[in-house]
Amino acid sequence: MAQRLGIDEASLPSVFQAAWKSNPDPTALPFPRADPPFPLTPLDWKQLTLTDAQFTPHSWEHLHTLISSGQLDKLKRWPSALKAYLAWTAHVKEKYGSATAYLLQQRLLWQPLEDVDGELKFEICDQTPFADDRDYKVLRNDWPYALEPGVQHIVVWLKGRLSVGENGALDEEGRKLVDRFVDEKFRLSLGEEREGSRVIWFKNTTNLQSVRSLEHVHVLVRDVDDEMLERWSGQI
């Protein structure tokens, strides 16, 4: 496990979100238009022209619709949060070399193994994903989508890789593994009576991932208190 020398206050996502949420110029951009920190879709560019007041957050029903129909590219952050994320991405790339390096050093505290091929690998306790809780970490998403009140965005980070098919989408085996984990970790602990009433999960395809070198799955939960969120993340 990597040792964090101390919290990098200047790189905290909350610092960047506060700056862009209070920015007096809603049209300001944190990058030259011709050189964004990561590729932007037409929907992203449209988001950047809006204020938060002009954007409607995703309802639970809307999240169901987008995820079940595979329209993951339509999951959006608040306009101010998207600008903050772009500014933060540029910042950590300059300071750490990449967002992945920041995550490893400041959030996950995982030490990669030396690999001659340059692929990011870790010492794994069990080759079956989710079988050993030392091989994954549950964290609140520092950069959640724009969600209606009561909905929380969690990310499950894995040291190993899930089984995928075309475009990095989970294949049948991968989906079964994730679904079983989500059942046991989240749905069961919440006592969810009807599947999807309080927990939804998805995995972005490769083209939609801003952090591609680290395996991760998104989980959205509804009406969950802070104590439960902290239990899931191992803080209590």
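What you see below is based on every heavy atom in this structure, not just the backbone, and it leaves out hydrogens, waters and symmetry mates.
- One finds the CZ atom of Phe38 at 8.5 Å from the CZ atom of Phe31 (value rounded to the nearest 0.5 Å).
- Interatomic distance, CG of Leu82 versus CZ of Phe55, reported as 10.0 Å (0.5 Å rounding).
- Note that NZ of Lys83 and CZ of Arg77 are 14.5 Å apart. Values are rounded to the nearest 0.5 Å.
- Taking Lys74 as the reference, nothing meets the salt bridge (Lys or Arg N to Asp or Glu O under 4.0 Å) condition, with sequence neighbours excluded.
- For Asp226 and Arg140, the salt-bridge test passes: some basic side-chain N is under 4.0 Å from an acidic carboxylate O.
- For the pair Val221/Trp232, a side-chain contact is recorded, criterion being any heavy-atom separation below 4.5 Å from C-beta on.
- For the salt bridge (Lys or Arg N to Asp or Glu O under 4.0 Å) condition, no pair includes a residue of residues 46-56, sequence neighbours left out.
- For Glu172, the salt bridge (Lys or Arg N to Asp or Glu O under 4.0 Å) partners two or more places apart in sequence, or in a different chain, are Lys176.
- Proximity of Asp142 to Leu12: side-chain heavy atoms (C-beta onward) are nowhere separated by under 4.5 Å.
- For Glu193, the CD atom counts as loosely surrounded, since its 6.0 Å shell holds 12 or fewer non-hydrogen atoms of other residues, nucleotides or ligands.
- A heavy-atom distance below 4.5 Å is found between the side chains of Lys76 and Asp44.
- Linking ILVMFWY side-chain heavy atoms closer than 4.5 Å, directly or via other members, places Val15 and Trp78 in two distinct hydrophobic clusters.
- Residues Val156 and His216 have side chains not in contact (no heavy-atom distance under 4.5 Å, counting atoms from C-beta outward).
- At least one side-chain heavy atom of Leu66 sits under 4.5 Å from a side-chain heavy atom of Leu75.
- With sequence neighbours excluded, the residues forming a side-chain contact (heavy atoms from CB on, under 4.5 Å) with Lys95 are Asp8, Ala10, Ser11, His91, listed by chain and number.
- Between the OG1 atom in Thr65 and the CD atom in Glu61 there is a gap of 8.0 Å [rounded to 0.5 Å].
- With values rounded to the nearest 0.5 angstrom, Phe202 atom CZ is found 4.5 Å from His218 atom NE2.
- Note: the hydrophobic cluster containing Leu162 also contains Ile154 (ILVMFWY, side chain heavy atoms under 4.5 Å, direct or indirect links).
- Glu123 CD: 12 or fewer foreign heavy atoms inside a 6.0 Å radius.
- Residues Leu103 and Leu120 share a single hydrophobic cluster, defined by chaining ILVMFWY side chains whose heavy atoms lie under 4.5 Å apart.
- For the pair Leu108/Phe122, no side-chain contact is recorded, criterion being any heavy-atom separation below 4.5 Å from C-beta on.
- Using a 4.5 Å heavy-atom threshold, the side chains of Leu190 and Val224 count as touching.
- Considering only residues two or more places apart in sequence or on other chains, Ser197 meets the side-chain contact (heavy atoms from CB on, under 4.5 Å) condition with Glu192, Arg194.
- Counting heavy atoms from C-beta outward, Val151 and Asp223 have side chains that stay 4.5 Å or more apart.
- Ring geometry for Trp143 against Trp88 counts as tilted: the plane angle lies between 30° and 60°, on a 0 to 90° scale.
- Because its NZ or CZ atom is not both nearer than 6.0 Å to the ring centre of Phe130 and within 45° of the ring axis, Arg180 does not count as a cation-pi partner of that residue.
- Checked against a 6.0 Å centroid threshold, the rings of Phe16 and Tyr85 do not count as neighbours.
- In this structure, Arg175 does not pair ionically with Asp179, as no charged nitrogen and carboxylate oxygen lie closer than 4.0 Å.
- Remark: Leu158 CG to Lys203 NZ distance equals 9.5 Å, nearest 0.5 Å.
- Here Tyr136 and Trp157 keep their ring centres 6.0 angstrom or further from each other.
- Gln54 is linked by a side-chain contact (heavy atoms from CB on, under 4.5 Å) to Leu50, Thr51, counting only residues two or more places apart in sequence or in another chain.
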